[in-house]
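Contents: one structure, followed by commentary.
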Amino acid sequence: MLIKMPELPEVETVRKGLVHLVKGSKIQAVDVYWDNIITPATEVMQFKEQLQGQTIQDVKRRGKYLIFLFDDLAMISHLRMEGKYEVEETNTPLKKHTHVVFHLTDGRDLRYLDVRKFGRMQLVPLATAMEAGGLKNLGPEPLPDTFLLKDFIAYLATRSRPVKPLLLEQKVVVGLGNIYVDEALFEAKIHPLRPADSLTKAEAKKLRLAIIDVLGRAVEAGGTTIRTYQNALGEAGKFQVALNVYGQTGAPCPRCGTPIEKIKVAQRGTHLCPHCQKLPMKYR
DNA sequence: ATTAATCCCTGGAGGC
DNA sequence: TGCCTCCAGGGATTAA
């Protein structure tokens, strides 16, 4: 099973690679080949002009977002499904699906590639960079000290919608994508369609630990298996984490042997074990 | 205010 | 082989 989309663990690996390769580099000029990558797309000119002469002071991460800190402003970048960064000598031919090129003053380019063109970049003020744009209203990072059980329980109690789409909102906690949310719900033995406010405290406790565990293990794997920072940053699919349910339709559940089922939940493919993750009749 | 639906995109898979 | 249709999905936006 190849993991294609950059989840939080890969974004963190990309961030480290960017720091390693382009921190301290100065932008000479920017080329944009697909305006909709830039938010708002009507301000591509300003985007190019404002970045000219700026030095990359640091690269941060919040949830699945990257935040480039420059001298006078910041850039929020989301890779969405298939976005990736590469560093190449500026005379190297552009690969297909290259949409934004940051020409650096040292003869290299930082290039953004994205087959689906779903990724986005947005310039924001430096002072409020970590709360701007899509970073507004984000939930806590999926760590024991920031993702607190009491807050999780309180949040769940206020929502009646199914727990899976709630977790994908990035509001109760950040970092879960369609893959790891299925894995976390399986680990906690909770059906994706369970109304959030129907979870017991014991279930919330298990689910919180499962989320922290699944993403934490993936971060570790993502940090160890991407081989090089030489030029390809965050080339997707390099890390392998044992997936129990995602993409395992029909395969035996690792816990009980029941065939894994695939259903639709809020327009998303959803994998689960019908024996381990039971849904009471009243919620069907 | 909450929640569901729509949209953005392309490549790959499956049908014929 | 080639053409067609359908599907995948994060999050912003729009509708209900």
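In what follows, every chain begins at residue 1, and chains take the letters A, B, ... in the order their sequences are listed. When reading the values below, keep in mind they use all heavy atoms of this one structure, side chains included, and skip hydrogens, waters and symmetry mates. Quantities reported herein were computed from a predicted structural model and do not represent experimental measurements.
A:Leu156 contributes atom CG, which lies 8.5 Å from atom CG of A:Asp197 (distance to the nearest 0.5 angstrom).
In this structure, A:His97 atom NE2 and B:dT10 atom P are separated by 8 Å, rounded to whole Å. Spacing between atom CG of A:Asp114 and atom P of C:dG10 amounts to 13 Å, rounded to whole angstrom units. Atom P of nucleotide C:dG10 and atom CD of A:Glu169 are separated by 13 Å, given to the nearest angstrom. If you measure from atom CG of A:Asn178 to atom C1' of C:dG11, you get 13 Å, rounded to the nearest angstrom. Rounded to whole angstrom, the span from the CZ atom of A:Arg62 across to the P atom of C:dG10 amounts to 18 Å. What separates CG of A:Leu113 from P of B:dG11 is a distance of 13 Å, to the nearest Å. One can place NZ of A:Lys171 at 11 Å from C1' of B:dT3, the figure rounded to the nearest angstrom. As a whole-Å value, the separation of A:Glu82 CD from C:dG9 P is 12 Å.
The pair A:Lys206-A:Glu187 does not count as a salt bridge, with every side-chain nitrogen at least 4.0 angstrom from each carboxylate oxygen.
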Every protein N/O within reach of nucleotides 4-8 of chain B N/O, cut-off under 3.5 Å:
residue	atom	partner	partner atom	Å
B:dA4	OP2	A:Arg161	NE	3.3
B:dA4	OP2	A:Arg161	NH2	3.3

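Here the shortest heavy-atom pairing between A:Val174 and A:Leu215 reads O-CD1, 4.1 Å.
By the ring pair (Phe, Tyr, Trp, His ring centres under 6.0 Å) test, A:His271 pairs with A:Tyr246, sequence neighbours left out.
Within the structure, ring-ring contact (aromatic ring centres under 6.0 Å, His included) pairs that include any residue of residues 133-152 of chain A comprise A:Phe147-A:Phe152 (at least two apart or interchain).
A donor-acceptor contact under 3.5 angstrom links the side chains of A:Tyr85 and A:Ser77, judged on distance only.
Between A:Lys264 and A:Leu168, it is A:Lys264 whose nearest contact on DNA chain C lies nearer the 5' terminus.
Nucleic acid contact for A:Ser160: sugar-phosphate only, since backbone atoms but no base atoms lie under 4.0 Å from a heavy atom of the residue. Using a 4.0 Å heavy-atom distance criterion, A:Lys164 is classed as making no nucleic acid contact. No contact: A:Lys136 has no heavy atom under 4.0 Å from any strand.
Of the side-chain N and O atoms in A:Lys96, one or more sit less than 4.0 angstrom from OP1 or OP2 of B:dG11. Phosphate contact (OP1/OP2 of C:dA12, side-chain N/O of A:Tyr65, threshold under 4.0 Å): present. Side-chain nitrogen and oxygen atoms of A:Tyr246 include none within less than 4.0 Å of the OP1 or OP2 phosphate oxygen of C:dA8.
A cation-pi arrangement is found for A:Arg255 relative to A:Phe186, the charged atom lying closer than 6.0 Å to the ring centre and inside a 45° cone about the ring normal.
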